[in-house]
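Nothing here was measured: the structure is a model prediction, and the numbers come from that model. Chain letters run A, B, ... following the sequence lines, proteins first and then strands; every chain starts at 1.
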Amino acid sequence: MIDRLNEFFFPKQVSTFASDIDNLFYFIFYSSVVLMAIVVIGMVVFSIKYRFKKGDKVRLTSSKDHDNILESLFFIIPLILVSITFVWGIRSYLKMIIVPDDAIEIKVTGQSWFWTFDYPEGGTSLNELVVPSNTPIKILLSSKDVLHSFFIPVMRTKMDALPNRYNIMWFEAQEEGVYDIFCTEYCGTAHSQMAAKVIVMKPKQYEEWVKELGSGDDDLPLDELGEKLYTKKACNTCHTLDGSDLVGPSYLETSRMWGQTRNFEDGSSAVIDENYIRKSILEPQSQIVAGYQGVMPTYQGLLSDRELDALIAFLKSLNDK
Amino acid sequence: MSENQNINYLNHPKGIMSWLLTLDHKRIGLMYLFSGIIFFLIGGLLALGMRLELAAPGNDFVSNDTYNSMYTLHGAIMIFLFIIPAIPGALGNILLPLMVGAKDVAFPRLNLASFYIYSFGALFAIYTIVNGGVDTGWTFYTPYSTQSTSNVVPMTLGIFIIGFSSILTGLNFIATVHKMRVPGLTWYKLPLFVWALYGTSLVQITATPVLAITMVLLILERFLGIGIFDPALGGDPVLYQHFFWFYSHPAVYIMILPAFGIISEIIPVHSRKKVWGYKFIAYSTLSIAFIGFLVWGHHMFTSGQSVFSQIVFSFITYFVGIPTGVKIFSWILTMYKGQVSFTTPMIYALSFLFLFTIGGLTGIFLGAVALDIHLHDTYFVVAHFHYVMQGGTIIAFLAGLHHWWPKSFGKMYNQKIASLCALGVFIGFNGTFFPQFLLGLRGMPRRYATYSDQFSELHTYSTFWSTILGLSIFIAILNLMWSLRKNNKLDPGSNPWGALTMEWTHTSSPPHPHNFESDPVFTNGPYDYDKVIVEPTLKK
Amino acid sequence: MSNEHHITPLRTYLIIAGSLLFLTGVTVWVSFIDLGSFNIILAMAVATLKASLVVLFFMHLLWDDKKNLVVFVMSLMFLGIFITFTLLDTGFRGGINPEVKNSINSKASFYDNLPLTDTHGNPVDSHDNHHEDKDDSHH
Amino acid sequence: MSHNSSSPDFLHHHFHDVDQQYQTSKFGMWAFILTEVLTFGGLFVAYTVYRSWYPEMFYDAHLLLDVNKGMLNTIVLISSSLTMALAIWAIQKKNKKLSLWMLVITWILALGFLGIKYLEYSHKFEVGQLPGIFYSYMGPEVVNIDNPHIFFGIYFIMTGLHGLHVAIGMGLIAWLIYLTKKDKLHSDYYTPMETVGIFWHLVDLIWIYLFPLFYLIG
Ligand code: HEA
Ligand code: HEA
Ligand code: CUA
Ligand SMILES: [Cu+2]
């Protein structure tokens, strides 16, 4: 019964403290249901019982307007409920903020509009947070530009990413799987697309995964690797493959215009070729396509040479498909 | 009433200039009323547009940028142009002097100035709309608001200006309550609506200056980069949030206290019963206003403020609930052994009790810091504040509008249609916003132009009911306007509900230009239904 | 319509103004003596004393309707609330996780491009010209 | 409107009597003072927070302010407060001429205050001690301190807002001079002078705090 109810109200409970939070919710929920019942029953009974019936005469009514016992209950009952809620709430809260000493520290950086994850072993991933199960994970959170907020519903936790300051959160996942991460602080046009995934793996698998993180997919052909990187490096938050505009021009459009001239905001222009694409990725601010805003972040340092080539090859190939 | 029965403030003096330059609080109140309703309709239309976009996950009804601008304008218009200035400005202005037996508010010229300042500020907001909108959310969090290329400056400047109007209105009302009461009308004989306006005004004059300075700092941050709120310049965005919420939490009590006042008037009148626990209701108003200043940090539970303040703010937040509960229970007990008529105002008042209690109790969920970390900036919050603002304030406003409409205009609306609309609003409202609690619990973030498929069913449901809600509100307003036509035969008489407050008993409907034909003499307490009988003049 | 408004004697005004000037001298004098954190306490104490004199005598609150005094005290109370509760946050950050206490870069980045100046604000020559090595070169 | 015919022309129709009108105006003014205190209050909060975060910077940066000019301005404002109070005293004592003189002196002192402020500001503009990103002064006193632009940001906003109040006060005092001259104000009705006086003392009051906070202890 409780499980079914929980499924109705909440996403899965994955972190260690999720059930605590949910139970706190149920406590307030049931208290509220009782209070609500008192209000509704009182309202309905009085308004119907003492209704002005057809044929009634307007008359003087009772002058009763206080009752000491009743009125002290107005204070005592809420006070008791509130005290329990407070103590319970703070105990759960302390669990959420005191990070276990043996936690793995992952650095999470928000940026309009994607997340970067730096692992203690040295690798970096974009929009895909991979963590081992049953291990406390400490998140050192910050932002490169405006406020973002890092929200993992299944873990029941969330924290704002501030520019130029760190914030801390932690969780310990108890179940492997792939879960949603949302940005919950408004951060501009593509705020609602600033989604990522948290992938919880068995600790063994995780170790292998971080080891491979640096090495890349050497065996894939360039354009297939490019297609993979397109989502992995979060290009898809701003560029589509089907010709429609998001924040940036669609790749399909760019691909169609291969060899033609691009006009820029400042009045200059350039021919779309490999060099231009490379420059667009590494120094996006240098040439801003007319009709768009210069919001694309630089990928300097986030892509290897091979990855750059792969993206260029993929982009070029789109028109032929 | 004598032969000059038909000289009233509506037709005397005549001419457009006599309205634009009027110092009469009733006329100023009406000007607030109509501008407020227009902004409400604009805000509501924006809301319906948003709901349309959200009806299905991949909807492409409007672009991301347009959506972001729509919800910001929706929030900012509803709050800064409608419920904060217009409800006290309209009902407060029309009723306060009448209820205390004064000829006008303490500073009539300031009152008119206040209206024009409000209009001037509203022009900036309108400019913002036609110039492409603004996309920061009504909270204008830095550093996004210092970087956004949208119209942040016109909008915040507009809010800054409207702030002055709000301050001047508050100041005027406080002076009126203190100094202009008719002899014999002591504090404990004041109608509770007056108490509520008094509490509201106190919050207005203490909190609004901080909003003004916050907006100034924000604008300076954009132009000069002073660095107080911008982390790139050594500042702190969380400090901005303290500044903003120091105003904006108390501001929610600017929105709800007048609503409490309206309900405290309507329930006794339509139950024909002495109000339960008069002093408790009066003092709970003041304590809500005061405690409201100590809890603003509950909007910042995920911002990274110190753990110490998280705990303190969470603790104090719960205590707002206790005086509010006292009010709710007192209103219910007021009906005990009364003669309850299910008139339109009463139907609205009863649905207020239901909806506001849900809204308030969900505020307690949000006040629990551990739970709020999950719920913050999700649709649970959206649902909470619509339950308190739309389900609380707007419903109470509609209740008050229907209650005092015959007072203000001397005309009666079609009560059947009005009551049906009240039901429609109640049902449509729950249908629209109850699913949003579930959305929020399941993790749907707010301020999202698109969302993933898992949330689509509840969103569709919410959109469907929002049209019923919109339609009911729209018809309710049309119904009121229709009653103003020349050949309306429905005559409410001067005291349709048989009420005992001075605005009903001591003057005609609509009132004399100087409120009372002769100096009024205070006769009976506002809720003495156990001592005095006044037959309702409204015929069934 | 006679209504007796309190008329403060001329002497009172002169004494108050004299004390205000005297106290100004005192704070300035004290500020040149190093008393550590006691300096600020003393300065604020004197300022508050001066402010009270202004409020009570020049602004007539001493003889005025007590409501006006209540309003004024209320303004101080709300200001007190604002300061205290904000400091509860800004003064106690990092109590549990010390990493969150300070900003990552303590100095705003535009200082990197500011040339050193003399006391008149005129740039003085420094060894390295910042602008030269910022020019990106294309190969 | 019965009693209006017999009542003095300065009594507005919606008041019962002169005393009610007088008390109401004063009460309204005090409520307005409350909003002023809280407006400046926001800036005091910003000041307190940043001072607690950057105590050394505040100390070093405050040495760049000119204590002498600050003190002179304090004296000017206190004197103008006195003359303002005396103007009210004079009109209560039915001495119109003295009252006028006092108002004129108050006005001149206010102008003097702004003149001195102008000198201070123009020096800061010259050397580049400006708020925010316009800050460019990197003299020997500040090279090793973090973010002096914040100190000057807060300094300019607070003293600037205060200066704006002085300017508004000058307008109001000019209005009083006009009213007194035209005999609109006299010993039976001087409410505008009293309320403007309260405003003017508030301007003094705020400076009483600004002076030590910026010039003396940084
Ligand atoms: C009219 C406006 C209004 C009112 C009256 C309230 C009333 C309350 N609000 Fe609400 N609130 C808003 C408007 C309002 N709010 C808005 C606009 C936002 C979002 C802003 C934004 O981010 O955009 C918000 C957000 C908000 C948050 C932040 C959520 C978040 O962003 O994470 C919180 C957290 O504590 C909160 C709490 C409360 C509480 C405790 C009350 C209390 O006053 C409620 C008291 C009432 C009751 C409790 C019910 C009746 C009482 C009883 C039946 C007795 C029994 C009671 C107990 C046992 C306690 N509100
Ligand atoms: C008084 C305040 C108030 C009121 C009354 C409302 C009323 C409504 N609000 Fe509003 N809302 C806010 C204040 C308010 N809102 C605030 C402050 C925010 C936060 C903004 C932010 O995040 O910055 C918000 C955000 C908000 C969101 C979340 C947006 C997001 O986070 O992405 C949604 C989504 O459903 C919403 C919907 C609605 C709806 C459907 C109504 C309806 O109740 C509206 C009903 C009224 C009408 C419909 C108008 C009348 C009818 C007509 C004009 C005729 C046409 C109609 C038909 C023919 C059907 N609101
Ligand atoms: Cu990032 Cu919203
Ligand atoms: Cu709040």
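Interface remark: A:Leu162 contributes side-chain atoms only to the contact with chain B (heavy atom separation under 4.5 Å). For A:Ile97, the part lying under 4.5 angstrom from a heavy atom of chain B is the side chain only. Contacts between A:Ile90 and chain B at a heavy-atom distance below 4.5 Å involve the side chain alone, from C-beta outward. Contacts between A:Phe17 and chain B at a heavy-atom distance below 4.5 Å are absent for every atom of the residue. Only the side chain of A:Leu70 comes within contact range of chain B, with heavy atoms under 4.5 Å apart. Proximity to chain B involves both the backbone and the side chain of A:Val58, based on heavy atoms less than 4.5 angstrom apart. Within the 4.5 angstrom heavy-atom criterion, only backbone atoms of A:Lys57 (N, CA, C, O) approach chain B.
Side-chain atoms of A:Thr189 and B:Asp65 include a donor-acceptor pair closer than 3.5 Å. In summary, the side chains of A:Asp180 and B:Gln454 do present a donor paired with an acceptor at a separation below 3.5 Å, with no hydrogens or angles considered.
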Quiz prompt | Pair B:Tyr141-A:Glu185, side-chain hydrogen bond (donor to acceptor under 3.5 Å, both in side chains): steps then yes or no | solution = CA-CA 9 Å; B:Tyr141 275 13; A:Glu185 190 65 77; 5.5 Å; no

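Put simply, CG on A:Asp160 and CD on B:Gln241 are 6.5 Å apart, with the number rounded to the nearest 0.5 Å.
The aromatic ring centres of A:Tyr186 and B:Tyr71 sit less than 6.0 Å apart. Between B:His374 and A:Phe25, the distance from one ring center to the other does not fall under 6.0 angstrom.
With sequence neighbours left out, the side-chain contact (heavy atoms from CB on, under 4.5 Å) criterion links A:Glu128 to A:Ile199.
Ring geometry, A:Phe75 versus B:Phe280: the interplanar angle falls from 30° to 60°, so the pair is classed tilted. Ring geometry for A:Phe182 versus B:Tyr448: interplanar angle over 60°, hence perpendicular rather than tilted (30 to 60°).
Between chain A and the options B:Ser303, B:Gly367, B:Pro237, B:Pro323, the largest number of non-hydrogen pairs under 4.5 Å is found for B:Ser303. By number of non-hydrogen pairs under 4.5 angstrom with chain B, the leading residue of A:Met96, A:Lys49, A:Arg165, A:Met194 is A:Met96. For the options B:His270, B:Lys531, B:Met335, B:Lys279, heavy-atom pairs under 4.5 Å to chain A are most numerous at B:Met335.
Residues A:Gln193 and B:Asn64 meet the side-chain proximity criterion, which asks for heavy atoms closer than 4.5 Å.
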